[in-house]
Amino acid sequence: MFSRCFSVLAIACQKEYYIRTLGVFMEEKAKKQKTNEPVSPLMERLVSLAKRRGFIYAGSEIYGGLGGTWDYGPLGVELKNNIKKEWWKRFVSYRRDMYGIDSSILMNSKVWEASGHLKNFVDPMVDCKKCKGRFRADKIDVSSGCPTCGAKDFTEARPFNMMFKTHAGPVEDSGAEVYLRPETAQGMFVNFKNVIDSFHPKLPFGIAQIGKAFRNEITPGNFIFRTREFEQMEIEYFIKPGGWESQFDYWLGEMRKWTEFLGIAKGVSEREVSAEDRAHYSKRTIDIDFEFPFGKEELYGLAYRTDFDLKNHIEKSGIDLVYYNEETKKKLVPHVIEPTFGVDRTMLAVLLNSFAEEEVKEGEIRAVLKFPARLAPVKVAVFPLVSNKENILAKAEEVHGRLKESIDSVRWDDIGNIGKRYRRQDEIGTPWCVTVDYQTLEDGTVTVRDRDTMKQERIAAGELAGYFHKKLSQ
Ligand code: ATP
């Protein structure tokens, strides 16, 4: 009976609920058709839900926004933190060969000279001479005209460096110029020697971090897909020179497993990036694409960075960033495999993949976010069946208080009838709802309702924590 958004959309189109939202959508579509902006009903509905329920807001909204920036609301930040927490556990805490760091966003400008970003971190930019629209030449089909006004009158493509420039200190002269990092990776390279000196790891080993990166994208868009400020989860995995192919395959496998954990593996595909499209530092890159509603686009990347970065930092800094091989008694410059994951694109893929609209009974549609339970911003919601009966309220508060001590993010909800509370929790992706009712007072059991199956079962209140822990570890 229940199916994912597309098929249900078709069934539900006649329903009043849809007629209302569809009306808004059609107006927006008409508006967008005038400007040739792409329209995706699924995205429209998700953006609207994300705003309404406190996941994601437009940045600086009260001042008309700021292009390419988004703010995460109370539920968005929980979802984002859960993604980062699961990533960190899997790729850092649970491994013996990984060292986590948190390096500065502002770095000495020489870092970007050594890494090649000052010279090579450029996108080709064209301007439409008619409407003055600005585009990335590699992302539009110049021969079919301007995506905004249709004119076929572009400037020549010219390189545009995407790094944000600012000044450290009160004097704005050229010596004080610094850049907001466009990738977190360089933090791992500049701390390579520090980690070796502190921990003496054996090759292969990795340094990982999660943090903000900034790119002055020419055309930010598609919600949180392409923004100017975003977060990355990156690993620089240092290996002996030679034999990089097996490490590359291993990390591809680990990235696949991560997409399976997120529940998005079905929408994912891998693409070998050609030599001319690869970043300046890479000898081999596989992009992991996701089937977004606006097309198949990069979600993650896996690159073989060779010894490019360490060698250049050795040359430019004069510091010996080498590894001493105890077996051969020789120094070597390790090579690097880099798996890189965008946090915001992960959020978008998870939101899109989890979003469904289902006809629960004749004429009643529910919107639901079927997050994997460990990612859900709220894990359990506790309801008193009625809010005007002292003994039920007291029992529900006791259940809520006890659960809060052992499960992250347990919510209380006593507004409206139970049906409305279920719909509200479905919309924010809460996997389980617990209702304390009259029977609880008699036999100590509560109703646990499952978000996906909508089935209810009775469980002893004292066994709830164990029950949810078991479910969360599956
Ligand atoms: P694209 O081709 O889409 O511009 P990229 O190849 O430049 O991406 P990388 O340099 O490989 O991206 O960055 C690593 C990861 O960081 C990407 O796989 C993506 O998840 C994320 N990312 C990159 N740019 C952005 C952005 N502007 N907004 C949000 N996430 C981004």
Side-chain angles (χ1 to χ4, degrees), residues 56 59 66-72 76 80 83-84 87 91 112 115-117 120-125 135-140 159-164 180-188 208-236 251-252 255-256 258-259 262 264 267-292 294-305 308-309 336-352:
I56 303 165
L66 175 68
T69 65
W70 295 88
D71 293 343
Y72 290 95
K80 198 177 181 200
I83 289 170
K84 292 192 280 185
W87 187 91
F91 292 113
W112 307 114
S115 69
H117 282 78
N120 298 316
F121 200 59
V122 289
D123 272 343
M125 179 169 71
F135 306 96
R136 249 174 85 171
D138 59 331
K139 293 279 176 194
I140 61 166
F160 171 73
N161 193 302
M162 290 198 292
M163 285 201 290
F164 278 101
L180 303 188
R181 66 181 179 201
E183 60 171 27
T184 62
Q186 295 306 319
M188 276 78 98
Q209 78 170 318
I210 299 178
K212 290 259 183 175
F214 301 81
R215 295 183 187 177
N216 198 359
E217 296 279 358
I218 299 166
T219 41
N222 286 325
F223 196 27
I224 54 170
F225 175 78
R226 187 175 301 287
T227 55
R228 292 190 169 126
E229 173 179 345
F230 55 95
E231 264 183 288
Q232 294 182 317
M233 308 182 280
E234 291 197 303
I235 297 166
E236 303 308 322
W251 279 104
L252 190 56
M255 295 177 90
R256 282 183 196 138
W258 167 250
T259 63
L262 296 172
I264 59 171
V268 158
S269 54
E270 290 157 18
R271 180 170 42 88
E272 188 76 43
V273 179
S274 65
E276 60 271 23
D277 287 338
R278 282 200 296 263
H280 59 277
Y281 49 73
S282 176
K283 264 267 174 64
R284 186 184 180 197
T285 299
I286 286 189
D287 275 355
I288 300 193
D289 290 342
F290 183 75
E291 190 74 64
F292 290 101
F294 43 86
K296 210 185 258 188
E297 295 280 354
E298 175 177 338
L299 176 66
Y300 304 142
L302 175 64
Y304 169 40
R305 282 180 93 124
F308 176 89
D309 300 88
V336 169
I337 304 291
E338 178 195 67
T340 173
F341 307 72
V343 177
D344 312 76
R345 288 187 190 178
T346 307
M347 286 265 299
L348 184 55
V350 167
L351 278 164
L352 284 162

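Just follow the structure's listing: the first ligand is 1, and inside any ligand the first atom is 1.
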Practice problem: Cation-pi check, R345 to F225: give yes when NZ or CZ is under 6.0 Å from the six-membered ring centre and within 45° of the ring axis, no otherwise. | Solution: yes

Among R215, R226, Q232, closest by heavy atom to atom 3 (O) of ligand 1 is R226

Contact check: T227 vs ligand 1, nitrogen or oxygen atoms, below 3.5 angstrom: yes

Note to self: Could you check whether any side-chain N or O of D344 sits under 3.5 Å from a backbone N or O of E231, counting only pairs where one atom can act as donor and the other as acceptor?
What the structure shows: yes

NZ (K212) with more than 12 external heavy atoms under 6.0 Å: yes

Distance col, row I224:CD1 vs D71:CG, nearest 0.5 angstrom, shows 12.0 Å

**Item:** Aromatic plane relationship, F341 with W87 - under 30° parallel, 30 to 60° tilted, over 60° perpendicular
**Value:** perpendicular

Ligand 1 to Y300, heavy atom cutoff 4.0 Å, flagged ligand atoms 18 (O)

For R136 and ligand 1, answer yes if some heavy atom of the residue is under 4.0 Å from a ligand atom, otherwise no.
yes

Exercise. Is ligand 1 less than 4.0 angstrom away from at least one heavy atom of L299?
Worked result: yes

- For the ring pair F290 and F292, is the centre-to-centre distance below 6.0 Å? yes

Here the atoms of ligand 1 under 4.0 Å from any heavy atom belonging to T340 are 14 (C), 15 (C)

Atom 29 (C) of ligand 1 has as its nearest protein heavy atom F225 O, 3.1 Å

If you scan protein heavy atoms around atom 18 (O) of ligand 1, the nearest is E298 OE2, 2.7 Å

Assess whether a salt bridge exists between R284 and E272, defined as any Lys/Arg side-chain N lying under 4.0 Å from an Asp/Glu carboxylate O. yes

If we number the atoms of ligand 1 from 1 as shown, the ones under 4.0 Å from a heavy atom of G342 are 20 (O), 21 (C)

Ranked by distance from atom 22 (N) of ligand 1, the top protein heavy atom is F230 CE1, 3.5 Å

